[in-house]
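Read through the structure below, which is laid out as structure tokens, and then see the notes.
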Amino acid sequence: DLLRLERAHMLLNNNYGTQDCTAYQDFRHIIERTDIDAVMISTPDHWHTIMALMAARAGKDVCCEKPTLTIREGQILCDTIRRYGRVFQTSTEDRSVYIYHRMAELVRNSRIGQLRTIRVKLPAQPEFPGDPTPMPVPRELDFDMWLGPAPEAPYTKDRVHFNFRWLYEYAGGILTDWGTHLFDTAQWANDTELTGPVEIDGSGANFWEEGLFNTIRQFHIDFRYANGVHLIVEDGGTSIRCEGTDGWIESPSWRAPLQASDPAILDSVIGPEETHLFTCPAGEHRNFLDCVKSRQDPYFSVEKGHRVSSICHLGNISALLDRKLQWDPEQEQFINDAEANRYLTRSRRAPWRL
């Protein structure tokens, strides 16, 4: 979108008081440049992995916004980043936010006893269903490039920019949009960053029945882990609550101050021999740049990001099939369920491939 490109171009030049920022409408020109060491990917979800793979194979480090589009994409992304020895940051701010870092650290150090249940609420989708009426493509928009690997489709203003989130062709609805944020804190607190649930029950979800949008609207999803912890996800908020055998701790809305069953929990000091979770208070971009120099993994590595994205996809698949599913987090496939396993990947429009 040339209008957005020029807006970003002016923003940078005005910030630095220069005119030397180069702008491209085709991302491949950036990847081809040998004088660029790292890239930031802030596109719609359906472009994330393909761009990241192309950049990594060209020898560039990658900071990429969440999430992947499919579980298979995430697997390939993890393998490629390690094969080419690149630094990869899954770009969300949550691990640098004091509230979520503090919650995860308190839970990991048993301040609420043994963790039993994590309850997450996610915002509702927009009230309007999207207008599917074909419209002329704006002169400034390269719509074919915007679609990229996604299926060919007619242009409508509700398909692109912010509203791409509510179409499975390009994203995964509220589960991948907001879920990635709060599910990461859940994984962090549960000490399951490199694995996932073993059972998912997303039956009974509600979807759009008319209009353009086709992602999940209302839902109650129960993820069960091998350690017995349940992650219960519902629509209707932006909260996360961890419940244990000796109490609970909660952030009742996005970045809201922590509450607990006993105020003493919140004042607890994590001792030097206890678990200290790494963070970077300056944020994920600062942490990424530091790791480009040090060659260490950022705080939200490619594998951890893949596992969080997988939870989002697992919830969507269970909701789409309207039944409980059994998942093998080691093999990363559904158990004896060929129908569900078909949802682990998607076809891509030529010439784009993983």
Side-chain angles (χ1 to χ4, degrees), residues 45 66-74 115-127 129-130 165-187 190 192 195-243 306-346:
D45 300 359
K66 53 78 181 173
T68 57
L69 189 67
T70 68
I71 291 176
R72 181 57 180 154
E73 275 193 4
L115 181 63
R116 295 296 193 195
T117 305
I118 306 172
R119 300 184 187 275
V120 168
K121 287 192 176 182
L122 304 177
Q125 285 198 80
E127 290 299 320
R165 292 167 173 82
W166 322 126
L167 288 149
Y168 274 122
E169 293 88 336
Y170 322 114
I174 205 69
L175 284 182
T176 54
D177 182 27
W178 269 86
T180 312
H181 289 280
L182 294 170
F183 295 167
D184 178 40
T185 300
Q187 287 275 91
N190 194 25
T192 51
T195 185
V198 296
E199 183 178 87
I200 310 98
D201 188 356
S203 56
N206 176 263
F207 293 82
W208 291 102
E209 296 180 358
E210 59 181 16
L212 178 68
F213 303 148
N214 57 17
T215 51
I216 194 171
R217 290 191 67 196
Q218 298 171 311
F219 47 88
H220 176 102
I221 306 174
D222 187 346
F223 300 87
R224 181 177 61 83
Y225 287 80
N227 63 4
V229 171
H230 284 257
L231 168 61
I232 299 174
V233 184
E234 298 177 310
D235 58 280
T238 55
S239 64
I240 179 168
R241 175 185 173 105
C242 294
E243 301 171 351
H306 162 57
R307 291 294 185 163
V308 171
S309 293
S310 294
I311 295 174
C312 306
H313 301 319
L314 292 171
N316 274 326
I317 294 169
S318 179
L320 285 164
L321 294 175
D322 196 23
R323 57 185 172 84
K324 185 183 295 185
L325 301 173
Q326 306 300 318
W327 176 250
D328 183 339
E330 301 305 316
Q331 298 299 316
E332 295 190 82
Q333 63 182 12
F334 294 102
I335 299 172
N336 299 323
D337 197 329
E339 181 184 24
N341 281 323
R342 285 195 288 271
Y343 284 85
L344 297 180
T345 190
R346 304 189 195 184

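When reading the values below, keep in mind they use all heavy atoms of this one structure, side chains included, and skip hydrogens, waters and symmetry mates. From a predicted model like this one, the values you see are computed outputs, not experimental measurements.
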Closest heavy-atom pair, Pro67 versus Thr180, reported as atoms and distance to 0.1 Å, is CB-OG1, 3.9 Å
Between Ser310 and Ile71 the two heavy atoms that sit nearest each other are OG-CG1, 3.9 Å
Sorted by chain and residue number, the salt bridge (Lys or Arg N to Asp or Glu O under 4.0 Å) partners of Arg119 (sequence neighbours excluded) come out as Glu243
d(Gln187 CD, Tyr225 OH) to nearest 0.5 Å is 3.5 Å
Taken to the nearest 0.5 Å, the spacing of Arg217 CZ from Asn214 CG works out to 12.5 Å
Evaluate the criterion side-chain contact (heavy atoms from CB on, under 4.5 Å) for residue pair Thr185 and Ile118; output intermediate values, then yes/no. CA-CA 10 Å; Thr185 300; Ile118 306 172; over 6 Å; no
For Pro329, the side-chain contact (heavy atoms from CB on, under 4.5 Å) test, sequence neighbours excluded, returns Thr195, Val198, Arg307, Trp327
Exercise. Can you tell me if His181 and Thr238 form a side-chain donor-acceptor pair at under 3.5 Å?
Worked result: no
Rounded to the nearest 0.5 Å, the CG atom of Asp222 sits from the NZ atom of Lys324 at a distance of 8.0 Å
* Would a distance-only check, ignoring hydrogens and angles, find a side-chain to backbone donor-acceptor pair under 3.5 Å from Asp184 to Val308? -> no
Taken in chain and number order and not counting sequence neighbours, the residues that satisfy salt bridge (Lys or Arg N to Asp or Glu O under 4.0 Å) with Asp337 are Arg323
When every non-hydrogen atom of His306 is compared with those of Gly74, the smallest separation belongs to ND1-CA, 3.3 Å
Checking Ile311 against Val233 for the side-chain contact (heavy atoms from CB on, under 4.5 Å) test, could you report, in this order, the C-alpha distance in whole Å, the side-chain angles of both residues, the deciding distance, and whether it holds?
CA-CA 11 Å; Ile311 295 174; Val233 184; over 6 Å; no
Applying salt bridge (Lys or Arg N to Asp or Glu O under 4.0 Å) to Asp45 and not counting sequence neighbours gives none
Taking Asp322 for its side chain and Gly204 for its backbone only, find out whether a donor-acceptor pair lies under 3.5 Å.
yes
Applying side-chain hydrogen bond (donor to acceptor under 3.5 Å, both in side chains) to Ser309 and not counting sequence neighbours gives none
d(Ile200 CD1, Leu314 CG) to nearest 0.5 Å is 4.5 Å
Contacts of Thr215 meeting side-chain hydrogen bond (donor to acceptor under 3.5 Å, both in side chains) (sequence neighbours excluded), chain-then-number -> Gln125
Taken in chain and number order and not counting sequence neighbours, the residues that satisfy salt bridge (Lys or Arg N to Asp or Glu O under 4.0 Å) with Arg116 are none
Check the orientation of Phe213 and Trp166. Use parallel for under 30°, tilted for 30 to 60°, and perpendicular for over 60°. perpendicular
Residues passing the side-chain hydrogen bond (donor to acceptor under 3.5 Å, both in side chains) test with Glu234, sequence neighbours excluded, are His220
Smallest heavy-atom separation, Ile317 atom then Ala340 atom, equals CG2-O, 4.3 Å
To the nearest 0.5 Å, atom CG of Leu122 lies from atom CD of Gln218 at 13.0 Å
So CD of Gln326 and CZ of Phe334: to nearest 0.5 Å the spacing works out to 10.0 Å
Sorted by chain and number, sequence neighbours left out, ring-ring contact (aromatic ring centres under 6.0 Å, His included) with Tyr170 holds for His46, Trp146
Quiz item: Please walk me through it: do Phe207 and Leu320 pass side-chain contact (heavy atoms from CB on, under 4.5 Å)?
Solution: CA-CA 9 Å; Phe207 293 82; Leu320 285 164; 3.8 Å; yes
In terms of heavy-atom contacts, Thr176 and Ala171 come closest through OG1-C, 4.2 Å
Contacts satisfying salt bridge (Lys or Arg N to Asp or Glu O under 4.0 Å) that involve residues 169-179 (not counting sequence neighbours) are Lys66-Asp177, Arg165-Asp177
For Thr70, the side-chain contact (heavy atoms from CB on, under 4.5 Å) test, sequence neighbours excluded, returns Arg72, Glu73, Arg346
The side-chain hydrogen bond (donor to acceptor under 3.5 Å, both in side chains) partners of Asp235 (sequence neighbours excluded) come to none
**Message:** Could you check whether any side-chain heavy atom of Phe183 comes within less than 4.5 Å of a side-chain heavy atom of Leu175, counting everything from C-beta outward?
**Reply:** yes
Working note: Leu344 + Glu332, criterion side-chain contact (heavy atoms from CB on, under 4.5 Å); need CA distance, chi angles, decisive distance, verdict.
CA-CA 9 Å; Leu344 297 180; Glu332 295 190 82; over 6 Å; no
